[in-house]
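Proteins come first, then strands; the chains are lettered A, B, ... in the order of their sequence lines, and each starts at number 1.
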Amino acid sequence: MTNFQSRVIEVVRRIPRGEVRSYGQVAGLAGRPGAARAVGTLMRKNRDPSVPCHRVIKSDGTLGGYNGNLGEKRDLLESEGVRLK
DNA sequence: CGTATGACGTGCA
DNA sequence: GTGCACGCCATAC
């Protein structure tokens with residue numbers, strides 16, 4: 001496992017319930033500002049349920065992507081109290 | 001080791 | 001508001 005990947009996972013793991021972070025923010029917190037796209041690359045591969053990857057959305061507030069159905073991601077977030085566009 | 005890929009971000013038409 | 005072109009970065013091939 002690469003160092004970058006570990007960091008990203010750590011960061012995402014710390015996102016409190018009811019809050020969200022953009023891919024770019026996560027990248028920054030992971031120590032690699034500007035690697036937003038790379039974060040997506042990792043999330044796409046990540047299968048670990050201990051990582052609330054559904055709390056990671058785009059910087060403009062839209063959902064972005066998801067492993068399973070996007071509707072699921074939307075519901076999860078709203079059920080956690082997150083407002084979406 | 002070079003090329004392709006994608007859950008991004010920003011700017012501009 | 002919508003769509004497209006580009007640049008970016010870590011991974012997968």
I'd like to check Arg55(A) versus Val12(A) (side-chain heavy atoms, cut-off strictly below 4.5 Å). Are they in contact?
no
With a 4.5 Å limit on heavy-atom distance, are the side chains of Tyr23(A) and Lys58(A) in contact?
yes
Separation between CZ (Arg17(A)) and CG (Leu77(A)), nearest 0.5 Å, reads 10.5 Å
Hey, what do you get for CG (Asn67(A)) to CZ (Arg47(A)), rounding to the nearest 0.5 Å?
5.0 Å
List the protein contact pattern of nucleotides 5-13 of chain B with one symbol per nucleotide (5' to 3'): B for base contact, S for sugar-phosphate-only contact, - for none; contact means a heavy-atom distance under 4.0 Å.
-BBBSS---
To the nearest Å, how far apart are Leu42(A) CG and dT11(C) C1'?
7 Å
Rounded distance in Å - CZ (Arg47(A)) to P (dA12(C)):
13 Å
Does Val56(A) offer a backbone N or O that forms a donor-acceptor pair with the side chain of Lys73(A) under 3.5 Å?
yes
